[in-house]
Amino acid sequence: NPLDRGGEPLPLLWTSDFIPADGAEPGSTEYVVGEFNCSCVGISKFQAVCGGDKTMADVPDEDYFDACELTDLMGKKAIQFLKEAHGC
């Protein structure tokens with residue numbers, strides 16, 4: 001198992017950091033993946049529960065509701081894009 005996740009579910013959200021590099025053609029740019037991220041991706045209001053023994057109960061109420069608003073929007077947009085891509 002290359003990710004050594006041992007039956008654990010994979011994170012739903014992933015991001016990649018891309019590093020620009022000079023391309024094969026003069027003036028062109030290619031991008032190389034520098035790293036993949038899957039821990040509280042860009043949802044800083046959930047940082048209180050990244051790693052360790054903390055749970056969602058450790059996120060202050062105001063931060064929780066702000067973060068939920070963002071993640072709900074992300075989910076709605078993901079469904080919209082999938083439907084559009086599949087002609088639904």
Side-chain angles (χ1 to χ4, degrees):
N1 183 346
L3 295 177
D4 195 28
R5 299 282 299 164
E8 294 180 37
L10 292 175
L12 177 63
L13 301 174
W14 293 74
T15 63
S16 302
D17 292 340
F18 290 92
I19 301 170
D22 291 337
E25 300 293 321
S28 67
T29 303
E30 295 178 358
Y31 293 88
V32 199
V33 174
E35 67 181 0
F36 291 103
N37 303 300
C38 61
S39 175
C40 294
V41 175
I43 305 165
S44 60
K45 301 232 176 177
F46 283 155
Q47 290 295 82
V49 296
C50 287
D53 297 326
K54 295 186 177 187
T55 68
M56 292 300 280
D58 295 302
V59 177
D61 288 346
E62 185 176 345
D63 288 351
Y64 177 84
F65 290 111
D66 286 347
C68 283
E69 187 175 1
L70 174 61
T71 54
D72 288 350
L73 176 62
M74 292 166 67
K76 288 175 186 175
K77 287 296 184 180
I79 290 169
Q80 174 190 338
F81 295 148
L82 286 170
K83 285 181 177 180
E84 289 172 2
H86 294 282
C88 298

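Every value quoted in this text rests on a predicted model; they were computed, and no experiment measured them.
- Judged as a salt bridge (charged side-chain N to carboxylate O under 4.0 Å, His left out), and not counting sequence neighbours, the contacts of Asp66 are Lys45.
- With sequence neighbours left out, the side-chain contact (heavy atoms from CB on, under 4.5 Å) criterion links Tyr31 to Phe18, Pro20, Thr29.
- For the pair Glu69 and Phe65, the minimum side-chain heavy-atom distance is 4.5 Å or more.
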Inset, instruction - Check step by step if side-chain contact (heavy atoms from CB on, under 4.5 Å) holds for Gln80 and Lys77. - result: CA-CA 5 Å; Gln80 174 190 338; Lys77 287 296 184 180; 3.3 Å; yes

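- Under the rule for a side-chain contact (heavy atoms from CB on, under 4.5 Å), the partners of Pro60 that lie at least two apart in sequence or sit in another chain are Asp63.
- The local environment of CD in Glu25 is sparse, with at most 12 non-hydrogen atoms from other residues, nucleotides or ligands closer than 6.0 Å.
- The same ILVMFWY cluster, assembled from side-chain heavy atoms under 4.5 Å apart, contains both Met74 and Met56.
- More than 12 heavy atoms of other residues, nucleotides or ligands lie within 6.0 Å of CG in Asp72, so this atom counts as buried by the packing criterion.
- Residue Val59 comes nearest to Tyr64 through the heavy atom pair CG1-N, 3.5 Å, listed as atom of the first residue, atom of the second, then distance.
- More than 12 non-hydrogen atoms from other residues, nucleotides or ligands lie less than 6.0 angstrom from CD of Glu35.
- Contact between Ile19 and Gly34 at its shortest, heavy atoms only, is CD1-CA, 3.8 Å.
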